[in-house]
S.K.: 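Handing you this structure, nothing more for now.
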Amino acid sequence: MVKKNKKYRLLALIGSLGILLSACSTAPINSHSSGIWDGLIVYNFSRAIIWLSRAFNNNYGIGIILFTIVVRIIILPLMIYQTRSMKKTGELQPQLKALQQKYSSRDTETMMKLQTEQRQLYKEAGVHPIASMLPLIVQLPIIFALYQAILRTPVLKTGEFLWLQLGNRDPYLVLPILAALFTFFSSWLSMKSQPETNGMVMMMTIFMPIVIFFTALSVPSALSLYWVVTNAFQVVQTLFIQNPWKMQRERDEKARAQREHDRAVAKAVRRAKRSHKK
């Protein structure tokens, strides 16, 4: 129940992002901006995008793409940690199900015992349940800062890329659709890599792209471009470090080795019994 509530809160957090962004300040950002947020974070995001764009004739769309790739490389260790944590969590599913059957009663005392045993199991396996949410939690301030950097830097707000004006919404909805599709593919690949799936995981795989799509409809195309690139990067990353087909082959080989071991043990036991009878 606690795990489900966390995921519902996470979904609500993402859904409220559009409202949060629409309420932020639009005062221009420049070298005179002060404070940790404006002067250190938002202003330097703006400078980084402009600097990356210079090599491409001040094409700020390409600057945003390069900036997104740099961000993804920086948080890659965190993503790898998340992947390993999810893999360990998947391997714990049989034990978690056994605990749920053992403490199937819904009274308060039994549920507290279940939660205590689950925490102990996670601790022994070196898994933290919140690890799967860390990359998203880290990226939310980045998205917020990028949004402000675009809207509060005139050259970025009025910049053009392909058919887009970066400070305005995508008039043809191409980027919101692509952002939703890449979100779905990355979530689907992650789900396929797990040994077991449940209704909650399936629901998140379906509804997360929907939430991303409708949120992307209400933000500047520059932010939608960020979402497209970051989720496309996530798809490639998943195929390299969490390839579901490779992981399934490894699980099949492990299961086959275990079956062969069990057969060898059973055969040895039968031989021992026959020798004992003689």
Side-chain angles (χ1 to χ4, degrees), residues 14 17-31 33 37-38 40-76 79 135-136 138-187 208-238:
I14 298 170
L17 180 61
I19 298 173
L20 177 65
L21 293 178
S22 64
C24 72
S25 172
T26 57
I29 197 83
N30 52 50
S31 59
S33 299
W37 181 252
D38 284 0
L40 182 62
I41 299 176
V42 177
Y43 176 61
N44 282 305
F45 269 41
S46 172
R47 289 179 62 196
I49 294 170
I50 293 172
W51 182 79
L52 290 168
S53 304
R54 286 176 182 168
F56 298 91
N57 195 28
N58 292 326
N59 189 318
Y60 301 117
I62 295 179
I64 291 171
I65 292 172
L66 294 175
F67 178 82
T68 305
I69 293 172
V70 170
V71 168
R72 292 295 307 197
I73 292 173
I74 291 173
I75 66 172
L76 186 58
M79 301 300 295
L136 181 59
V138 169
Q139 286 191 80
L140 283 176
I142 295 173
I143 293 171
F144 192 28
L146 177 61
Y147 177 90
Q148 291 214 342
I150 298 298
L151 285 193
R152 299 173 66 183
T153 306
V155 293
L156 297 181
K157 184 178 180 179
T158 58
E160 296 182 351
F161 178 62
L162 301 176
W163 68 92
L164 306 166
Q165 183 169 320
L166 297 174
N168 295 336
R169 303 171 189 173
D170 182 352
Y172 304 115
L173 308 183
V174 175
L175 293 183
I177 292 171
L178 287 176
L181 286 175
F182 281 122
T183 300
F184 171 78
F185 284 132
S186 63
S187 300
M208 279 289 290
I210 296 174
V211 172
I212 289 293
F213 173 77
F214 282 104
T215 305
L217 291 178
S218 61
V219 298
S221 56
L223 196 56
S224 296
L225 181 61
Y226 171 86
W227 270 330
V228 170
V229 177
T230 197
N231 283 296
F233 190 101
Q234 176 70 24
V235 169
V236 176
Q237 172 189 294
T238 302

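Note that the structure is a prediction, hence the values are computed from the model and not measured. Below, all heavy atoms of this structure are taken into account, side chains as well, without hydrogens, waters or symmetry copies.
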S.K.: Any non-hydrogen side-chain atom of Ile49 less than 4.5 Å from a side-chain atom of Leu146?
M.R.: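 When only atoms from C-beta onward are counted, Leu146 and Ile49 do touch, with a gap below 4.5 Å.
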S.K.: Which pair of non-hydrogen atoms, one from Thr230 and one from Arg72, has the smallest distance, and what is that distance?
M.R.: OG1-CD, 2.8 Å
S.K.: Taking all non-hydrogen atoms of both residues, which atom of Leu156 and which atom of Ser46 are closest, and how far apart?
M.R.: CD1-OG, 3.9 Å
S.K.: More than 12 non-hydrogen atoms from neighbouring residues, nucleotides or ligands closer than 6.0 Å to CZ on Phe161, yes or no?
M.R.: yes
S.K.: Only one of Asp170, Ile150, Ile65 clears side-chain contact (heavy atoms from CB on, under 4.5 Å) with Leu225; which?
M.R.: Ile65
S.K.: Would a 4.5 Å heavy-atom cut-off, applied to side chains only, mark Tyr43 and Asp38 as touching?
M.R.: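 The answer is no; the side chains never approach within 4.5 Å.
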S.K.: Roughly how far, to the nearest 0.5 Å, is CG of Leu162 from OH of Tyr172?
M.R.: 12.0 Å
S.K.: Which atoms form the tightest heavy-atom contact between Ser224 and Leu175, and what is the distance?
M.R.: CB-CB, 3.7 Å
S.K.: Taking the ring of Phe45 and the ring of Phe67, is the distance between their centroids below 6.0 Å?
M.R.: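 Centroid separation for Phe67 and Phe45: below 6.0 Å.
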S.K.: Using the rule side-chain contact (heavy atoms from CB on, under 4.5 Å), only one of Ile143, Leu166, Thr215, Ile64 pairs with Leu223; which is it?
M.R.: Ile143
S.K.: Between Ile50 and Arg47, is any pair of side-chain heavy atoms under 4.5 Å apart?
M.R.: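 No, side chains not in contact.
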S.K.: Are any non-hydrogen side-chain atoms of Arg169 and Leu217 less than 4.5 angstrom apart?
M.R.: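 Side-chain contact under 4.5 Å: no.
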S.K.: Could you list the residues that satisfy side-chain contact (heavy atoms from CB on, under 4.5 Å) with Asn231, not counting sequence neighbours?
M.R.: Phe182, Thr183, Ser186, Trp227
S.K.: For a side chain to side chain contact (heavy atoms under 4.5 Å, CB included) check, start with the C-alpha distance between Phe184 and Phe213, then their side-chain angles and the critical distance, and finish with the verdict.
M.R.: CA-CA 11 Å; Phe184 171 78; Phe213 173 77; over 6 Å; no
S.K.: From Phe144 CZ over to Ile41 CD1, what is the distance, rounded to the nearest 0.5 angstrom?
M.R.: 10.5 Å
S.K.: Is there a donor-acceptor pair closer than 3.5 Å between any side-chain N or O of Asn57 and the backbone N or O of Asn59?
M.R.: no
S.K.: Going by side chain to side chain donor-acceptor pair (under 3.5 Å), name the residues that satisfy it together with Trp51, two or more places apart in sequence or in a different chain.
M.R.: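 Side chain to side chain donor-acceptor pair (under 3.5 Å) check on Trp51 returns nothing, list empty.
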